[in-house]
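See below for the structure under consideration.
One-based numbering, in listed order, for ligands and for the atoms of each.
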Amino acid sequence: MTRQRPPDPYNNSICPPTYESASYFFRDAAEVKAHLHTASGRAGRYGRYSNPSWLTVESALTSTMRSEDSLLFASGMAAHTAAFLSHLQKGDQMIIPAESYRMVRRLSKELLPRLGVTVHELSIRDSDRFIHELASLAPKCRLVHLEMPSSPHQYLIDLEQARSVVPKSTLLTIDASFSPPPNFFPSDFGIDLSLYSATKYLGGHGDFVAGVASGRGDAIDKMRDFRDVTGAVASGAIAALLSRSLHTLEMRVDNVNRKASYLAEKLASHSRVRKVYYPGLQDHTHHHLAQRYLSGFGGVITFEIEGDEEQTSTLVDRLKVPYMASNFGAPQTLVEQSTFFTYFEYDDSELDDIGVSRSTIRLAVGFADPLSVIEEDLFEALES
Ligand SMILES: *Cc1c(COP(=O)(O)O)cnc(C)c1O
């Protein structure tokens with residue numbers, strides 16, 4: 001006798017429904033065997049392993065990223081943790097850029113060594129030197145992690161050279177949170193796994209925290225198994241929000257590319273501005289790499305003013321349009337004084353090491369603020 005189950009009332013909605021089910025039923029024992037025992041079918045399982053709303057967004061991400069497969073995670077850090085821990089074993093060595101995201105550095109330098117992984121940190125500031133050091137260390141490493149553009153200086157990496165000196169058997173990962181499609185497609189340059197804080201541009205509305213991994217099918221399979229076991233999963237609602245955000249990704253990114261390029265140029269010619277770090281500017285150290293690897297330069301502009309830390313705070317305090325907050329890729333424009341936010345625990349010599357001046361400001365242009373409004377506020381604050 002067939003069990004009575006409520007039918008799906010519609011099967012033709014243009015927007016896929018949001019699934020928030022803790023588990024999914026099987027129709028009979030044969031289906032249990034086919035789906036649960038062989039893991040070949042993804043439907044009809046428990047909510048930590050799969051969810052139809054994840055599958056929808058993961059498949060959209062795969063086509064957006066021009067990759068083979070993708071996974072959704074609870075946060076960008078969960079995606080990084082899964083990428084590293086699912087591929088590394090005790091005794092392995094890995095490389096990270098010295099300029100990588102602060103928590104990726106802590107994960108690599110504090111947690112991984114406790115598990116028996118040796119982590120080498122290489123600066124990417126001098127591109128030739130980085131490639132040279134990479135060539136000598138990479139053959140010993142199981143995993144090489146890259147990040148570009150880096151924060152706050154937006155350094156880039158010569159990916160073709162990096163790929164050519166990293167053996168095929170070494171997993172090459174990249175944190176591309178600052179440059180999502182359509183600005184940058186890491187898979188096109190032989191990167192095995194791209195990792196994103198979907199909290200930033202992919203989500204794009206500053207209203208949730210999530211992470212994404214996208215890349216080679218076999219590398220993603222390992223991460224899926226790790227996610228099943230460790231459970232850093234997002235809800236169906238977050239998956240649905242991210243699906244919706246992907247429809248506007250290109251529009252939003254094009255919008256901030258255009259506005260930030262204009263503002264970066266204008267800041268660079270202002271007498272109170274000492275230096276602007278924006279990869280689209282000709283005088284950025286890695287502009288030649290930006291031209292090769294990026295087709296847009298993003299919405300984040302880092303600049304230093306002529307003045308000390310206190311004068312920098314005065315200027316930032318004077319801004320009325322941006323929220324003072326540590327994020328980017330949101331509708332709102334956000335601003336942070338770097339030595340008060342990300343680097344507040346660093347002393348002068350540590351700041352010197354990473355080349356961060358106390359007059360550094362990071363402005364993340366929001367797609368919802370008209371350019372003229374951001375511009376007027378910024379230049380009024382600079383001039384008073
Ligand atoms: C925000 C961020 C992360 C971490 O992502 P969460 O979603 O906050 O966990 C990683 N890398 C970069 C470059 C980031 O900006």
Side-chain angles (χ1 to χ4, degrees), residues 57 61 65 70-85 96-112 121 124 145-157 173-181 183-184 186 191 193-215 223 226-227 230-235 238-239 241-242 245-246 249 252-253 256 260 277 279 293-294 297-302 323 325-330 332 334-336 338 341-343 354 356 360 362-366:
V57 75
L61 284 162
M65 305 291 176
S70 305
L71 288 176
L72 177 66
F73 284 89
S75 68
M77 284 313 301
H80 279 80
T81 305
F84 297 165
L85 291 186
I96 62 162
E99 291 80 5
S100 35
Y101 181 70
R102 193 166 65 98
M103 290 301 167
V104 170
R105 266 184 104 191
R106 287 194 55 193
L107 168 66
S108 307
K109 291 173 72 179
E110 294 173 25
L111 192 136
L112 294 179
E121 218 178 54
I124 61 168
H145 179 64
L146 308 174
E147 177 178 333
M148 78 180 231
S150 69
S151 183
H153 295 129
Q154 315 216 33
Y155 294 128
L156 303 175
I157 293 165
T173 65
I174 194 165
D175 181 348
S177 303
F178 277 92
S179 47
N183 286 356
F184 179 40
I191 304 294
L193 271 180
S194 310
L195 305 170
Y196 294 89
S197 170
T199 316
K200 316 292 167 50
Y201 288 114
L202 299 181
H205 293 73
D207 54 2
F208 63 79
V209 171
V212 162
S214 195
M223 290 182 72
F226 184 89
R227 188 183 66 179
T230 54
V233 297
S235 66
I238 295 293
L241 281 175
L242 182 55
S245 295
L246 291 181
L249 179 63
R252 289 184 285 105
V253 172
V256 295
Y277 298 89
Y293 297 112
L294 307 180
F297 308 115
V300 177
I301 307 162
T302 301
Y323 287 84
S326 192
N327 192 17
F328 58 91
Q332 305 83 0
L334 309 176
V335 70
E336 61 171 69
S338 300
F341 278 79
T342 312
Y343 307 106
I354 56 167
V356 174
T360 305
R362 197 181 83 179
L363 184 76
V365 173

Could you walk me through whether H145 and F84 satisfy the ring-ring contact (aromatic ring centres under 6.0 Å, His included) test, starting with their C-alpha distance in whole Å, then the side-chain angles of each, then the deciding distance to 0.1 Å, before giving a yes or no? CA-CA 9 Å; H145 179 64; F84 297 165; 5.1 Å; yes

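In terms of protein heavy-atom proximity, atom 9 (O) of ligand 1 is closest to M77 N, 2.9 Å. Remark: minimum distance from atom 4 (C) of ligand 1 to any protein heavy atom is reached at Y101 CE2, 3.5 Å. Closest to atom 7 (O) of ligand 1, if we only count protein heavy atoms, is T199 OG1, 2.6 Å.
Within the 4.0 Å heavy-atom shell around ligand 1 one finds F328. Using 4.0 Å as the threshold, D175 has a heavy atom nearer than that to some atom of ligand 1. Judged by the shortest distance from any of its heavy atoms, A210 lies inside the 4.0 Å radius around the atoms of ligand 1.
Using a 4.0 Å cut-off between charged side-chain N and carboxylate O, E110 and R105 make no salt bridge.
Using modelled atom types and a 3.5 Å distance limit, the side chains of E336 and S326 yield a donor-acceptor pair.
Near S75, with a cut-off below 4.0 Å to any heavy atom, the atoms of ligand 1 are 7 (O), 9 (O). Those atoms of ligand 1 with a heavy atom of S177 less than 4.0 angstrom away are 11 (N), 12 (C), 13 (C).
Proximity annotation for atom 8 (O) of ligand 1: of S197, G329, P149, G203, S197 comes nearest, heavy atoms only. If you check each of M148, K200, M103 against atom 14 (C) of ligand 1, the one with the closest non-hydrogen atom is K200.
The minimum heavy-atom distance between A210 and I238, with the atom names listed, is CB-CG2, 3.9 Å. Nearest heavy atoms, E147 versus P97: N-CG, 3.7 Å. Counting all heavy atoms, side chain and backbone alike, V365 lies closest to V256 at O-CG1, 3.3 Å.
Results of the side chain to side chain contact (heavy atoms under 4.5 Å, CB included) test with V212 over L71, T199, L61, L195 single out L61 as the only residue that passes.
Under a 3.5 Å cut-off, the side chain of S177 and the backbone N or O of S197 do form a donor-acceptor pair.
Below 3.5 Å of separation, one finds an N or O of G76 facing an N or O of ligand 1.
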